[in-house]
Amino acid sequence: MIYGDKKTGILVQGATGRQGEFHIGLMNAYAQQVGGRGVVAGVTPGKGGQQVHGVPVYDTVKEAMRDHDIGAAVIFVPAGAAADSIMEEADAGIGTIVCITEHIPVHDTMKAVSYAKVQGSFVIGPNCPGLLSPGEVKMGIMPAQLFARGNVGVISRSGTLTYEVVDELTRAGIGQSTVVGIGGDPVIGQTFVDVLERFKNDPQTKAVVLIGEVGGNLEEEGAQSTDIPLVAYIAGKSAPPDKRMGHAGAIVEGGEGDATSKIARLMKLDVPVASRPSEIPGMVRQLFCSC
Amino acid sequence: MKLREYEAKNVLRDAGIPVPAGFLIKQADELTGHLDALGEAIVLKAQVDVGGRGKAGGILMADKNTAVATARELFGKQVRGLPVHEILAEQKLDIRHEYYLSVTVDRAAKAPLILFSDIGGVEIETTAKEHPGAIRRAVAMPLMRDLPPFMIRGLAGKAPKEVGPIINRLYRIFCEKDALLAEINPLVVTPQGVFAADAKIIVDDNALARQGISVNRDLSEREREAEKHGFSYVELGGTIGVIGNGAGLTMATLDLIGYYGGNAANFLDVGGGAESERVMHAVRLVASVPSVKVIVVNLLGGITRCDEVAQGIIAAGISQKVIVRLAGTNEAEGRRLLSEKGYEMLDTMDLVVKKAVEVAA
């Protein structure tokens with residue numbers, strides 16, 4: 001596993017909101033199932049002293065840190081407050097910060113990610129489903145019932161497409177080490193390069209599936225940075241130029257970041273690229289045969 | 001959202017970057033009062049929300065005597081299919097040299113990227129291919145209010161000394177206006193000084209509200225309608241309507257349509273929590289596109305309730321065929337509701353897409 005395990009205590013920002021409350025319930029149900037610590041504290045300014053599913057809520061992150069051993073945070077606050085939450089957690093010394101929130105202005109994300117880096121924290125997201133290490137820990141909103149423990153890592157810019165691929169892998173008998181949704185925004189904290197480096201140092205992970213999409217060239221950069229066996233899938237072959245395809249970061253700009261050239265560059269790096277999600281399990285299996 | 005040229009130039013002017021003398025007019029006669037200020041040679045530029053307007057005849061040259069008639073001609077034109085409602089009338093500059101300057105977001109560095117090129121007036125992608133040595137780049141720190149002088153000197157190179165402050169001012173505009181792109185192309189040298197002859201500013205759609213922009217002009221009417229319901233929607237023009245949840249899964253569904261030889265009509269991501277009313281609106285919206293013959297619904301998620309989705313599809317009551325792939329909770333109930341009404345529900349995205357391509361053919 002990477003970023004956290006059973007022993008990781010999680011803090012949820014925006015604990016008393018609809019999303020926060022709902023997912024604290026699901027994250028702790030998973031923690032109970034695998035014997036992990038799960039969410040140990042919540043934070044919502046002005047709501048200190050309340051409880052959500054039995055989890056104590058604090059006004060500030062620092063207060064929560066005083067009472068609990070916390071290694072990671074998951075953010076569910078609205079877009080206007082999310083950058084502030086990232087910085088509050090980094091300032092309090094939380095190492096792994098998962099930001100689920102969508103629609104954060106890019107300039108806010110750039111500032112918050114930059115500040116977190118100075119404080120020595122890592123940001124996963126924003127606009128992401130979080131991460132899940134089967135049998136260990138769930139930080140975010142991924143539907144745990146689709147996952148199975150195993151040796152394949154998954155890194156994705158998407159949410160539901162990740163579930164689709166994980167579902168295909170699990171049905172094919174291929175378990176996962178850790179599945180990380182890095183987020184669909186143009187600027188994100190942990191990119192393919194960063195997560196691949198973690199996977200490289202993770203003895204459990206033998207191969208990684210990269211799920212990318214149009215926009216930017218971070219998939220290729222990631223593939224170039226590692227010698228872990230990879231299988232890739234790139235969504236957005238049908239995306240017209242200069243149109244955002246749902247994700248703020250999914251846009252072909254100035255003739256760059258289109259799916260066809262991305263796929264060509266990945267294949268040049270000897271990365272097998274699936275033309276459909278359903279081809280991924282077979283290609284992963286082939287990876288294990290040949291190496 | 002892309003600002004129009006005159007809006008971008010107002011932003012530049014307010015920030016102290018010289019722009020040519022110019023006036024926005026809504027009818028040709030308004031020009032009469034401005035002729036003295038504009039001088040002998042005048043450029044008339046249609047303010048339409050479309051790229052490549054110069055090549056499409058949206059920019060016309062005139063002199064003092066012909067300006068009003070030329071403006072009238074431009075108002076009567078369509079530029080790439082769009083009517084001309086506003087014209088920016090500007091003094092024509094005596095251009096001696098053209099540079100390129102822009103600030104954009106560098107995804108890898110997670111920071112602002114400043115590009116300066118000794119060659120301007122052409123697209124930066126062209127310069128990058130043909131004269132890569134002409135482009136200089138620098139990455140700022142997102143928390144910097146101003147660029148350090150060494151960075152500005154490095155970017156400006158041998159350009160006139162007025163260029164340095166312009167680089168820093170454009171960087172500040174980029175930060176203050178929540179821009180994804182702030183571009184001056186060309187930045188021109190004239191005997192009267194350095195001017196931004198053209199300007200492009202794209203504001204982050206997620207920051208429009210705090211920038212005081214209430215309507216996103218880049219969206220079509222149907223796209224705006226979709227936005228009201230919280231959908232992400234893009235029109236593509238084919239015959240197979242697509243509704244998915246999550247941008248990646250929806251894109252993958254479109255790609256699969258292409259893989260099996262069909263043409264997608266649209267991209268529609270219903271977003272999280274696909275309850276029956278949202279699904280109904282989504283189905284009706286896609287069905288309202290005249291070219292749509294069949295609709296693929298591909299919804300996946302641990303918390304998506306299939307019975308809710310089924311009710312939404314049925315409530316939409318549209319005439320086109322709807323083919324459904326659902327995975328989530330209450331799957332059996334969703335399947336029962338749909339099959340009772342004669343809808344087809346298949347197990348995988350490959351199967352639904354293959355079927356839809358057959359129906360559309």
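Just so you know, these numbers use all the heavy atoms, side chains as well, and skip hydrogens, waters and symmetry mates.
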* Structure fact -> Of the listed B/G244, B/A108, B/A247, B/P112, the one with the largest count of heavy-atom pairs under 4.5 Å with chain A is B/A247
* Would you mind checking which part of B/L254 comes under 4.5 Å of any heavy atom in chain A, side chain (CB onward), backbone (N, CA, C, O), both or neither? => both
* Looking at CD1 of A/I188 and CG of A/L218, how far apart are the two atoms once the value is rounded to the nearest 0.5 Å? -> 6.0 Å
* Structure fact -> When rounded to the nearest 0.5 Å, the distance separating CG of A/L210 from OH of A/Y233 is 14.0 Å
* **Contact origin within A/D194 toward chain B - heavy atom pairs under 4.5 Å** => side chain
* Among A/A235, A/S158, A/S238, single out the residue with the greatest number of heavy-atom pairs under 4.5 Å to chain B. => A/S238
* By a 4.5 Å heavy-atom criterion (distance strictly below it), what part of A/I234 contacts chain B: side chain, backbone, both, or neither? -> backbone
* Leading residue by heavy atom contact count with chain B [cutoff under 4.5 Å; candidates A/A250, A/G215, A/P129, A/S156] -> A/G215
* Determine the minimum heavy-atom distance between B/R145 and B/Y171, stating which atoms define it. => O-CE2, 3.6 Å
* Asked: Do other residues, nucleotides or ligands put more than 12 heavy atoms under 6.0 Å from the CD atom of B/Q211?
  -> yes
* With only heavy atoms counted, which part of A/E279 is less than 4.5 Å from chain B, the side chain, the backbone, both or neither? -> side chain
* Flag the one option from A/A239, A/G249, A/A144 with the top tally of heavy-atom pairs under 4.5 Å to chain B. => A/G249
* **B/E227 versus chain A, the contacting section by heavy-atom distance below 4.5 Å** => neither
* Heavy-atom pairs under 4.5 Å with chain B, option from A/H103, A/E102, A/H247 with the top count -> A/H103
* Count the heavy atoms belonging to other residues, nucleotides or ligands that lie under 6.0 Å from CE of B/M144, then report whether that count exceeds 12. => yes
* Asked: Within the distance-only criterion (no hydrogens, no angle test), does the side chain of A/E21 pair as donor or acceptor with the backbone N or O of A/Q19 below 3.5 angstrom?
  -> no
* Region of A/K243 in contact with chain B, defined by heavy-atom distances below 4.5 Å -> side chain
* Does the distance from a Lys or Arg side-chain N to an Asp or Glu carboxylate O, for B/R224 and B/E221, drop under 4.0 Å? -> no
* Heavy atoms only, distances under 4.5 angstrom: which of B/L180, B/N263, B/D218 has the most pairs with chain A? Name it, please. => B/L180
* **chain A contact via B/F174 - side chain, backbone, both or neither, heavy atoms under 4.5 Å** => both
* Just wondering, more than 12 heavy atoms not from B/K2 lying within 6.0 Å of its NZ? -> yes
* Structure fact -> Turns out that what part of A/P277 lies under 4.5 Å from chain B's heavy atoms comes down to side chain
* Which value, rounded to the nearest 0.5 Å, describes the distance between A/Y163 atom OH and A/F147 atom CZ? -> 7.0 Å
* Side chain / backbone / both / neither for A/V113 at chain B, heavy atoms under 4.5 Å -> side chain
* Which value, rounded to the nearest 0.5 Å, describes the distance between A/I86 atom CD1 and A/Y115 atom OH? -> 12.5 Å
* Proximity breakdown for A/E164 and chain B, heavy-atom pairs closer than 4.5 Å -> both
* Measure the spacing between CG of A/D258 and CG of A/N217 and express it to the nearest 0.5 Å. => 11.5 Å
* **Residue that, paired with B/T250, satisfies side chain to side chain contact (heavy atoms under 4.5 Å, CB included) out of B/V242, B/V270, B/I243** => B/V242
* Structure fact -> Most contact-rich option vs chain B, by heavy-atom pairs under 4.5 angstrom, among A/V193, A/T162, A/L161, is A/L161
* To do: Give, as side chain, backbone, both or neither, the part of A/R157 having an atom under 4.5 angstrom from any heavy atom of chain B.
  => side chain
* To do: Applying salt bridge (charged side-chain N to carboxylate O under 4.0 Å, His left out) between B/R210 and each of B/D178, B/D205, B/D204, report the one that passes.
  => B/D178
* Could you look at A/I211 and say if it's the side chain, the backbone, both or neither that has a heavy atom under 4.5 Å from chain B? => neither
* Structure fact -> Turns out that what part of B/A252 lies under 4.5 Å from chain A's heavy atoms comes down to both
* Between B/A179, B/A109, B/G258, which residue shows the highest count of heavy-atom pairs closer than 4.5 Å to chain A? -> B/A179
* To do: Side chain from CB out, backbone as N, CA, C, O: work out which of these in B/L268 comes under 4.5 Å of a heavy atom of chain A, or both, or neither.
  => neither
* Student check: side-chain heavy atoms of B/N185 and B/D198 closer than 4.5 Å -> no
* Structure fact -> If you tally heavy-atom pairs under 4.5 Å between each of A/E213, A/M245, A/M142 and chain B, the highest tally belongs to A/M245
